[in-house]
Amino acid sequence: MKFTRAKALKGSLTVPGDKSISHRAVMFGALADGLTEVEGFLPGADCLSTIDCFRRMGISVERPNATRLLIHGKGLHGLTGPSDTLDAGNSGTTTRLLSGILSGQTFETTLTGDASIRKRPMNRIIEPLSRMGASIESLPGNGCAPLKIQGRSLHGIHYATKVASAQVKSAILLAGLYGDSPTSVTEPALSRNHTELMLCSFGARVRTEGTTASIEPHPHLVGQKISVPGDISSAAYFLAAGCITPDSELLIRHVGINPTRDGILRVLKRMGADVTVFPADTKSEEPVADLLVKTSHLRGCILEGDLIPALIDEIPVIAVLACFAEGTTVIRDAAELKVKESNRIDVMVDNLSAMGAHITATEDGMIIEGGYPLHGAAIDSHLDHRIAMSFAIAGLNADGETAIAGAECVNISYPGFYGDLKGCT
Ligand code: S3P
């Protein structure tokens, strides 16, 4: 896929449904009694992997159209052992959350994924789930998938995680559904809280206090109607493009702005971006807004600490933004970037350097000197969707031609991304 400089971006769009919420809707719908109806589901490859895993465990999931699901849940103990290995594809959320659920079943499963998933660290869930009494083993013995999980009766624990990770927190809370006493998780900083919010709406007793979430075991979960808001992580590419492309004005409709996910909005404000938030009048526990962005004069800033989990997936496109800001942007406390779908520190630094950016990798982030114009280059996406989308935005604001290898990987979280982007030019 090739990109050249855009003159202006105009118009309005609705980005696809939130990936984290879509995964959870399928999982919790499967574990609830009765029908769960989902609208605004993200038809990306990751969420389709989650559907496939649950279908293999006996759950009927109808898709009357791409974004609407009817999940016929069978209750907390209704899953049946799959006849084959479960495949999470590229999806860390599927792998880790499902591991928590599988730990409490009465059958054995093997869970694997693509080449990227088989390199990502799973000891962060193996350790706490084993402490709960689960039998969970990394088959290659390197702490990575494939994982062999023999369901057991589990014990409630209190666990303090080393990293702020919603996937780890959620895996433990989901195993906690099958515990013999309450389970709680304390994180070093608050990660996205979709699991806590949605499990409550299905009827679980989940309490949160600061960075601790606790769950009571064996709730009666009941099917729900779920409306999935647009994914702020997908909106981020259009927010960034609107800021740095001359003469631009974009309205992005119906975006989820949960405070555990809105770090990108906080950073854009700090950088001086012209972004207006129009909150929707909804009673949903997941707040929604329309976002209006106009071409902006940006300044560099420091991103660190508790802010990082609220924008972890947006850091690649923030690095692109920082190239167009006046002054220096420092990103720290973000070592987690190294264990995402690719090593997002190295991949951003290599690719942005190839385009002429002044960017340095650090142990836990990167430093970007803004104001050096970008030129086109050959970009390796490493089949990481967020890298491909970030460089599409960079390419629209660079001299010459930017060619992205593996560009189709955007289907993981945003099928139709290139079409939506073209629609704004
Ligand atoms: C996610 C949590 C985050 C995020 C990922 C989705 C989730 O990962 O990067 O894209 O849905 O829980 P970590 O929990 O590893 O930080």
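When a ligand or atom number is given, it counts from 1 through the structure's own listing order. Quick caveat: nothing in here was measured; it's all calculated off a predicted structure. We number each residue from 1, following the sequence as shown.
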**Protein heavy-atom partner closest to atom 8 (O) of ligand 1 - residue, atom, separation in Å** = Lys340 NZ, 3.1 Å
**Side-chain touch Tyr178/Ser153, heavy atoms, less than 4.5 angstrom** = no
**Item:** Under 3.5 Å: donor-acceptor pair, side chain of Thr50, backbone of Thr94
**Value:** no
**Prompt:** Any nitrogen or oxygen of Arg24, main chain or side chain, under 3.5 Å from a nitrogen or oxygen of ligand 1?
**Reply:** yes
**Fill in**
One finds that the ligand 1 atoms under 4.0 Å from a non-hydrogen atom of Lys19 are 10 (O)
**Item:** Side chain Ser170, main chain Gln167, donor-acceptor under 3.5 Å
**Value:** no
**Asked** Counting only N and O atoms by type, is there a donor-acceptor contact under 3.5 Å from the side chain of Arg96 to the main-chain atoms of Met122?
**Response** no
**Prompt:** Is a donor on one side and an acceptor on the other found under 3.5 Å between the side chain of Asp290 and the backbone of His254?
**Reply:** yes
**Message:** Between Ser296 (side chain only) and Leu298 (backbone N and O only), is there a donor and an acceptor less than 3.5 Å apart?
**Reply:** no
**Message:** Suppose we screen for ring pair (Phe, Tyr, Trp, His ring centres under 6.0 Å). Which residues come up paired with Tyr159, at least two apart in sequence or across chains?
**Reply:** none
**Request:** Decide salt bridge (Lys or Arg N to Asp or Glu O under 4.0 Å) for Asp384 and Arg344; before the verdict, give the C-alpha distance in whole Å, the side-chain angles of both, and the deciding distance to 0.1 Å.
**Result:** CA-CA 9 Å; Asp384 180 335; Arg344 288 181 178 163; 2.8 Å; yes
**Complete:** atom 11 (O) of ligand 1 sits nearest the protein heavy atom Ser20 OG, 2.7 Å
**Per-atom contacts of ligand 1 with Ala166, taking only distances under 4.0 Å to non-hydrogen atoms** = 12 (O), 14 (O)
**Item:** Polar contact flag for Glu336 and ligand 1 (N/O pairs, less than 3.5 Å)
**Value:** no
**Asked** Tell me: protein heavy atom nearest atom 1 (C) of ligand 1, and distance?
**Response** Gln167 NE2, 3.6 Å
**Contact check: Thr93 vs ligand 1, nitrogen or oxygen atoms, below 3.5 angstrom** = yes
**Residue and atom name of the nearest protein heavy atom (relative to atom 4 (C) of ligand 1), distance in Å to one decimal** = Asp313 OD2, 3.3 Å
**Asked** Going by distance only, is there an N or O of Ser165 that falls short of 3.5 Å from an N or O of ligand 1?
**Response** yes
**Request:** Quick one: look at Arg192 and ligand 1, take heavy-atom pairs under 4.0 Å, and tell me if it's side chain, backbone, both or neither.
**Result:** side chain
